[in-house]
> 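Structure provided below as structure tokens; questions to follow.
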Amino acid sequence: MRGNSIRLLLLVLSAAAIFFSRAGIRGAAQTPERGELKTLYYGNAACGGATCHGSAKPVAEPGQEKPDGMSTAFSRHHELHFWDANDKHKIATRVLTEGRGKDMAQRLGIVGDLADPKANRAWRPCLACHGVVIDDERDVAADSFGPAERIANGVSCVVCHGPHEEWVNEHVKPLGNKWRSLTREQKQQQFGLTDLWNATRRAELCSSCHVGDAAQGRFVTHAMYAAGHPPLPGFELVTFTVAMPRHWETMKEKYARLPQLKATYDKVYHLGTGFSEQLDLLSTGAAVALRNSVQLLVDQARPAKERDWPEFALYDCYACHHDLKAESWRLQRANAGKPGRPQLREWPAALAPLFVRPDAPAELPQKLGDLHAVFNRTPFGDPLEVRPRAGALAAWCDAALDRLRTTRYERGDAAKLLHALIRESGKDLLDFDSARQVGWAVQVLLDEALPGAGKATDLKEPLERLGRQLALSLREESPLNTITRRAEYDAFEFQRNLRALTKALPKQ
Amino acid sequence: VRSYPLLLATFALLLGAAVASRHDALSQEPAPRSGPAEGGTMRSLALLGAGSCAAAACHNGPGGSAHGREYALALERAPSDRRLVTLDRHAQAYAVLSDPRAQRMERRLHPEDPAARAETDTLCLRCHVHPNVDSSLVRPEFQRADGVSCEACHGPAERWIAPHFRAGWSALAPFARLAQGQSDTRSIGGRVQVCVDCHVGAPGMEVNHDLIAAGHPRLSFEFASFHFLMHKHWDLAEDRVRPDCEARAWLLGQLIAARGAMRLLADRAAGASRDAQRPWPEFAEYDCAACHHNLRATESSRRGIGTQVPSRWYTGVLPEALKGLGAAYNASIKSALADVDTAMATNRPDRGLVAEKARRVVALLDEQLEQTHSAAVATEDLCRQLRQRGARVSARNGDETAQICLAVGALQRARGDTSSLDRAQIRALLQFPVGMDSAGLQKILDSLHEREPR
């Protein structure tokens, strides 16, 4: 009797724990709690003062914390310059108004003034990722974010850091105020500064555009692709961040530059020095990419959207858009599925070895297999069958993300993950975008496991070959180039390249 | 079986009828109706095998002309060809099922069954041997190894093997011979129908997208071209008794193939609503190039913003074929075809609606074909119209351009223009994807144009 009630109590407690932890996840997925905070969109000019974030070069030298009375603990003050000179986010809105963007708009029948919230409703599906969707002109800081600035600023500072007056005002107050000693969670909850040190949040923010997020209206439809949008490539958070290029310091760099601030950093960021930020971002980014891609499917399979089913953008582009040739590698895959039945994109699951449960490795393949079976059964799948299976997979991803949040990666884990990833990736023929995910992750893991190893003679050649085959260098690749690489891609060659790389790796 | 006595009586009556000349038999083009796949009689008759036709005194004898030598001709090989391939590939249809390529296809289609073999898969055998291959009435003498042999086209010989060489058989009306199981291969229309069941497809005998994706070539049937390319085991001069033979071949080929395609579409749509195993939408009903283009698509190759485009291979030049009938044709065929297109051009076409619209086209074409048999083909007019259309078409649209080129080629042959498309060009046009680039297609279009008399 007593045992039973204890069991009952445990059951209730664990149910409550699950409920609250899931509530927590949902919370984490949203942008700052808006209730008390005032939404205000600033243009980049508001951030770009010469002594704020608009310096032409980093003002901070190692060991120098307060040049000219400004703190460099959190910023080196040249972020906007970095962004201005190199970051493609800057031109994201402008490209809608010229060349391919303009042609696409014409094909899609989009009219209206892009920069005017009263007239730009037709543009919102584009602006959702390519700029800032403003619901109400009153929410705009007019002096810095007029119509011209909206186009010139693209995906601007506020999109990622949070469009809220409170943190903007607070963080510029002179030294000695409480801001510096607040934790990142407090800065977010009380002031609306998005906590981008939270790997899940950062991954969700980037993935909302780079993979898609229907809840935020961020989804590249097949109509957009057909009108000329370049195919969205896979998304690996760390690699894309490096290519951006990153305008901030990693934790490792912060600790190295200002070792005297260790106590402050430990308090504000509580991440510690042995912590591998890259591994955390790599695995979290991979899990979020899978979750988001599956979530798009869940959303699209809603009964309310039945008329629009199937949305081709959810499927592997190359299931259909491949050159027709006999006996291609596509047909020789072990998991090719039923011939002629389009499957989902494969790349979001390519980095699964980085986040599967080691004690239950069959769980994810099982869930993926359930979903694939639906698309094998009938062309494009029956949405009624798709939704529960995609939902189960999304829930599995949420649980994996929960696990990752409490997993503390050390740099020493990189080698183990690298070998696991290579081993799993060699088991079947991968398509171009999956192989590319693996290629990107291998670079990140190698950099963490053996810093500078890419220059070592043994590894240099196989890495370069992998890089060429998969167009791994984002800054050197244009979307159209990548399309050509995809068309030329040979999965057997990737297997050979992977084997050559394994050979050159130091034995575990 | 119930109508057997009645049929016998008809047969006897007709045997006694006056013997009409061969010319008359050809000129009275019967309305081509059902083929082996759907004829109830055809299904209930035994297959005897090609061996029963091959006696020296029958179809395997010596001599200069095709008469009496049909069997030998059907198996003739080019002496220079070291692969020893028969000139008429029908004889090899079964053998190819043992090719590694066919075995790979079978494995991909049935990954759950490692014992599955193409040589024993009824779906393959119905076209690669005989539609009745799975019937219990196949005699032991019937050899699958003979491939698509005599009875596949001429009909199961159980009832007509004995009477067909006796006096009077030739004089029988085609329907009377058909009642005994012998297909009408004398008239062009009858021939088209025989080919269509395999080369376009029929219920239970279809090359759907699953099969294509597993490695089977797409079917691109155009009767006049196939007929021209086929190694003849009959006397062509007898076909040419009617001077517009080639033009009729093109015209009836278009109409009957389109009817076959629509019948198959109706079956696919209706079948998919009954049987969840049947794929829907059936991608083979769409223009391959609408999806299977690489992603560097330029403006000029873009056809609509990301929707499926129904295939126009079997219906693209149908308007011209209808005009070529000379007599008035039912203009509602065009709008009925447009209705099918509209019903299909969505990402999730309504099965019931598609079946209904496709059946309507079948009914209209049936009606049209009933009235078609004796009208003379207006070859010159047709040729001009098709050339004009050829001047407007974009050479990038491979299917449409190929059909136009093949049509003009056939009509020029009908006029006796021997310098029209050569065999290699025709083969390239029938290939999928078309065996030449858009410049090559344009060149053919131009050359067809140039040869026109002023």
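Sequence lines set the chain letters: A, B, ... in the order given, protein chains first and strands last, and positions in each chain run from 1. Heavy atoms only: backbone and side chains are in, while hydrogens, waters and symmetry mates are out.
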> Nearest 0.5 Å, what's the CD-NZ distance between B/E112 and A/K338?
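Rounded to the nearest 0.5 Å, the CD-NZ separation comes out at 7.5 Å.
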> Provide the closest heavy-atom pair for A/P339 versus B/A213 in the form atom of the first, atom of the second, distance.
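In terms of heavy atoms, the two residues are closest at C-CB, 3.4 Å.
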> Just checking A/K305: does its NZ atom have more than 12 heavy atoms from other residues, nucleotides or ligands closer to it than 6.0 angstrom?
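Atom NZ in A/K305 is packed in, count exceeds 12.
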> At a heavy-atom separation under 4.5 Å, does A/A313 approach chain B through its side chain, its backbone, both, or neither?
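Contact with chain B is absent: no heavy atom of A/A313 under 4.5 Å.
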> Check whether A/P379 gets within reach of chain B through its side chain, its backbone, both or neither, counting any heavy atom under 4.5 Å.
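Both backbone and side chain.
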> Suppose we call two aromatic rings close when their centres sit under 6.0 Å apart. Are B/H293 and A/H321 close by that rule?
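Ring centres of A/H321 and B/H293 closer than 6.0 Å.
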> B/H209 and A/G340: which non-hydrogen atoms are nearest, and at how many Å?
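Smallest interatomic distance, heavy atoms only, reads ND1-O, 3.2 Å.
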> Identify which part of B/R278 has an atom lying under 4.5 Å from any heavy atom of chain A, answering side chain, backbone, both or neither.
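The answer is neither part of B/R278.
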> Apply side-chain contact (heavy atoms from CB on, under 4.5 Å) to residues B/R348 and A/D308 and explain how you reach the verdict.
CA-CA 8 Å; B/R348 214 182 180 202; A/D308 300 329; over 6 Å; no
> What's the separation between atom CZ in A/R333 and atom CZ in B/R108, rounded to the nearest 0.5 Å?
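So the CZ of A/R333 and the CZ of B/R108 are separated by 11.0 Å.
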> Mind checking whether B/F283 and A/P342 have side chains closer than 4.5 Å, heavy atoms only?
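Side-chain contact under 4.5 Å: yes.
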> May I ask you to check whether over 12 heavy atoms, not counting those of A/Q332, lie within 6.0 Å of atom CD?
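Enclosed: over 12 neighbouring heavy atoms sit under 6.0 Å from CD of A/Q332.
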> Is the count of non-hydrogen atoms from other residues, nucleotides or ligands lying under 6.0 Å from B/Q277 atom CD greater than 12?
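12 or below, so no.
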> Could you check whether atom CZ of A/R307 has more than 12 heavy atoms from other residues, nucleotides or ligands sitting under 6.0 Å from it?
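It does not: A/R307 CZ has 12 such atoms or fewer within range.
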